[in-house]
Amino acid sequence: MAVIGLDVGSTGCKCIIFSDNGINEAYSYEEYERFLSCTTISSEIIWNSVKTVIKSSILNYKTQNNFEPVRAICISSFGESFVPVDADGNALSEIMLYTDSRGKGECEEFIMQMPEKEIMQISGVKPHPMYSLPKIAWIRKHQPDTFKNTWKFLLIEDFIIFKLCNMTFIDYSLASRTMAFNVSTKCWDEKLLALAGINSSKLSTPVPSGTSVGKIINTLALELGLPDDVIIVTGGHDQVCAAVGAGVLSLGTAIDGIGTVECITPAFSKPILEPNFLENNYACVPYALNGMFVTYAFNFTGGSLLKWFRDNFAFKETLQAKETGESVYKILDDNCTLLPSSVMVIPHFAGSGTPDMNPSDTGSIIGLSFNHGMPQIYRAILEGVTFEMKYNMELLSSVGVEIKELRAVGGGAKSKLWLGIKAAITGCKILVLEVDEAGITGAAMMASVASGVYQSLEEASHFFIKIKDTIEPDPELARIYALMYENYKSYRNKKPNC
């Protein structure tokens with residue numbers, strides 16, 4: 001028996017077919033044809049790409065000997081964005097992405113009607129125009145005909161589910177990205193919906209991640225080359241699915257996705273709705289494991305800051321990489337100073353992520369002298385990005401979210417130097433995973449449980465998740481970094497002179 005993990009992103013979508021022992025049997029990716037600067041996207045572009053990657057994966061899979069039939073499809077997707085559809089399922093407008101500024105005024109009106117603290121304690125998120133509810137209110141005010149003709153407002157997951165099986169279900173983690181979901185009762189909240197002038201009938205039915213919600217439409221199964229008894233399974237927000245795919249299945253563990261943006265997603269056992277948690281822009285999100293929750297701590301400049309350094313300063317290393325076929329980052333790692341840098345980097349080059357969420361924040365390189373060169377500055381960037389994540393982990397610890405083990409995925413997980421720095425600064429054991437696509441792997445794990453291959457995600461994890469390396473904190477480095485971290489916090493939180 002085989003299952004499909006589908007990851008629908010904002011720039012493209014991926015599909016992987018897994019055998020029931022967790023082996024990647026076929027892969028397909030398609031980037032959307034659109035301008036990246038656009039804040040909207042056509043739902044048809046997304047749907048056509050989804051069909052393309054499924055068909056392509058199936059064609060590749062069927063060329064193999066003794067292939068097993070696909071039994072389930074599970075979806076991981078980005079959050080917040082939605083498409084209004086009419087009673088026939090036709091899209092009434094383009095999808096407004098989370099980067100779209102529409103809804104800002106409506107969000108401010110919400111806070112005038114209901115105290116911000118109350119909104120946070122119900123929804124588990126700090127009010128922000130990126131969420132679905134303010135944008136729905138914007139449509140109601142500025143596009144009344146669209147609002148009047150809307151049968152359902154579908155987020156990406158439930159839109160794809162609707163297209164696959166003609167049912168409208170959404171998992172709890174993506175429902176929580178609307179700002180209309182009560183994370184304690186796990187239902188749509190009528191008081192929040194009233195802020196936008198809608199009722200729950202215009203939204204999909206919320207269910208847990210990993211729920212089987214229907215069978216694929218017969219004609220669509222034929223078009224895609226699938227059996228007509230394939231079940232469709234709710235997955236979740238891409239970060240939630242990635243946490244599952246990394247094996248974050250117990251307290252004290254978190255996935256560390258070290259990509260363009262770095263995001264740490266830890267699990268905890270009860271909803272945290274305290275002001276000092278939510279006001280720091282940490283969301284409280286229902287997790288794929290029953291009764292558990294996660295949050296997202298992130299920094300906008302993870303790998304993107306290294307790319308900036310590479311493109312502006314590492315000309316010699318880039319040329320060497322082209323000549324040798326070696327990664328430029330591996331060359332930078334090899335040439336890096338062995339000792340902690342005396343330069344300090346505040347990595348807010350694209351504004352700050354959690355806890356501040358200040359787009360006006362700027363980065364700094366502090367303490368430069370003629371004694372410093374590229375090796376010291378490069379290491380300082382690795383340290384500064386990691387200090388920023390340590391700062392987030394310290395704030396999470398203050399509300400009871402302890403992280404003892406980080407499971408590293410993404411491009412940054414290939415750097416043993418960076419992981420060693422990370423272990424020493426955070427005090428965490430770092431597990432490096434073999435999996436490259438944690439979100440799709442998590443979706444496939446949920447599909448395998450929903451289709452009866454495994455009884456639980458814990459059982460599925462033994463087959464889908466492999467540990468490639470383990471890195472323990474170096475005690476001497478940890479001692480030095482503990483002193484440096486106090487300096488980092490001092491620089492980071494220094495108020496500019498008025």
Side-chain angles (χ1 to χ4, degrees), residues 6-11 13 32 39-47 49-50 73-86 89-100 102-103 123-125 128-140 146-147 150-183 186-189 192-193 196 198-211 213-214 232-241 283 285-286 288 296 439 443 446:
L6 186 66
D7 180 56
V8 185
S10 58
T11 58
C13 61
Y32 309 136
T39 59
T40 64
I41 184 172
S42 162
S43 59
E44 281 306 300
I45 286 177
I46 291 179
W47 173 235
S49 294
V50 166
I73 300 174
C74 184
I75 302 108
S76 161
S77 81
F78 65 102
E80 300 94 38
S81 306
F82 63 89
V83 56
V85 300
D86 64 18
N90 300 310
L92 297 176
S93 71
E94 290 210 327
I95 296 167
M96 284 190 279
L97 299 174
Y98 63 92
T99 52
D100 196 304
R102 285 175 288 184
S123 66
V125 296
H128 193 280
M130 72 175 175
Y131 294 115
S132 316
L133 197 66
K135 287 179 165 53
I136 290 173
W138 186 93
I139 289 175
R140 183 171 179 263
T146 297
F147 185 86
T150 295
W151 168 61
K152 297 280 185 183
F153 292 99
L154 301 176
L155 273 72
I156 305 305
E157 176 195 41
D158 40 327
F159 170 69
I160 299 301
I161 287 173
F162 174 69
K163 287 291 200 177
L164 288 170
C165 68
N166 204 30
M167 305 292 284
T168 54
F169 290 92
I170 187 170
D171 86 284
Y172 295 156
S173 69
L174 276 164
S176 73
R177 303 306 291 171
T178 62
M179 211 177 90
F181 190 67
N182 189 314
V183 295
K186 296 186 174 67
C187 296
W188 298 118
D189 189 87
L192 293 178
L193 291 172
I198 66 169
N199 57 57
S200 58
S201 66
K202 285 192 176 291
L203 299 170
S204 296
T205 303
V207 295
S209 296
T211 300
V213 295
I232 309 304
V233 180
T234 55
H237 191 212
D238 48 17
Q239 298 294 345
V240 163
C241 290
V285 182
Y296 313 128
M446 287 186 264

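Remember, it's a predicted structure, so these values are computed and weren't measured experimentally.
- Checked options Pro134, Ser132, Pro129; the residue passing with Met179 is Pro134 (criterion: side-chain contact (heavy atoms from CB on, under 4.5 Å)).
- For Lys163, the salt bridge (Lys or Arg N to Asp or Glu O under 4.0 Å) partners two or more places apart in sequence, or in a different chain, are Glu44.
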Per-pair distances, 0.1 Å, donor-acceptor, side chain in residues 203-211, under 3.5 Å, sequence neighbours excluded:
from: Ser204; atom 1: OG; to: Asp158; atom 2: OD2; distance (Å): 2.7
from: Ser209; atom 1: OG; to: Asp171; atom 2: OD2; distance (Å): 3.0
from: Ser209; atom 1: OG; to: Gly235; atom 2: O; distance (Å): 2.7
from: Thr211; atom 1: OG1; to: Pro208; atom 2: O; distance (Å): 2.7

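- The closest donor-acceptor contact from the side chain of Ser173 to the backbone of Pro286 lies at 3.5 Å or more, if one exists at all.
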**Message:** Run Glu80 and Met96 through side-chain contact (heavy atoms from CB on, under 4.5 Å) and show every step you take.
**Reply:** CA-CA 9 Å; Glu80 300 94 38; Met96 284 190 279; over 6 Å; no
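- Distance alone, capped at 3.5 Å, is enough to place a donor-acceptor pair between the Lys135 side chain and the Asp100 backbone.
- Separating the OG1 atom in Thr150 from the CG atom in Asp86 is a distance of 8.0 Å, to the nearest 0.5 Å.
- Atom OG1 in Thr11 sits 9.0 Å away from atom CZ in Phe78 (nearest 0.5 Å).
- In this structure the side chain of Phe169 never reaches within 4.5 angstrom of the side chain of Glu157, judged on heavy atoms.
- For the pair Trp188 and Ile198, the minimum side-chain heavy-atom distance is 4.5 Å or more.
- Atom OG of Ser76 sits about 4.0 Å away from atom CG of Asp7, to the nearest 0.5 Å.
- Counting heavy atoms from C-beta outward, Leu133 and Thr178 have side chains that stay 4.5 Å or more apart.
- Ile139 is listed as a side-chain neighbour of Phe82, based on a closest heavy-atom distance under 4.5 Å.
- The closest side-chain heavy-atom distance from Ser123 to Tyr131 is not below 4.5 Å.
- Under the ring pair (Phe, Tyr, Trp, His ring centres under 6.0 Å) criterion, Tyr296 pairs with His237, sequence neighbours left out.
- Distance check: Leu155 CG to Phe162 CZ gives 14.5 Å after rounding to the nearest 0.5 Å.
- Pairing each heavy atom of Ser176 with each of Val183, the nearest pair is CB-CG1, 4.1 Å.
- Annotation: cation-pi pair Lys202/Phe147 present, NZ/CZ under 6.0 Å from the ring centroid and within 45° of its normal.
- Separating the OG atom in Ser43 from the CD1 atom in Ile95 is a distance of 5.0 Å, to the nearest 0.5 Å.
- Between the CZ atom in Phe159 and the OG atom in Ser77 there is a gap of 11.5 Å [rounded to 0.5 Å].
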**Message:** One pair to check against side-chain contact (heavy atoms from CB on, under 4.5 Å): Leu193 and Ser200. What are the steps and the verdict?
**Reply:** CA-CA 7 Å; Leu193 291 172; Ser200 58; 3.9 Å; yes
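- Between Thr234 and the options Ile75, Leu174, Ile161, a side-chain contact (heavy atoms from CB on, under 4.5 Å) holds for only Ile161.
- Here the shortest heavy-atom pairing between Arg102 and Trp138 reads CD-CZ2, 3.3 Å.
- A heavy-atom distance below 4.5 Å is not found between the side chains of Ile232 and Ile160.
- The side-chain heavy atoms of Tyr32 and Cys13, taken from C-beta on, include a pair separated by under 4.5 Å.
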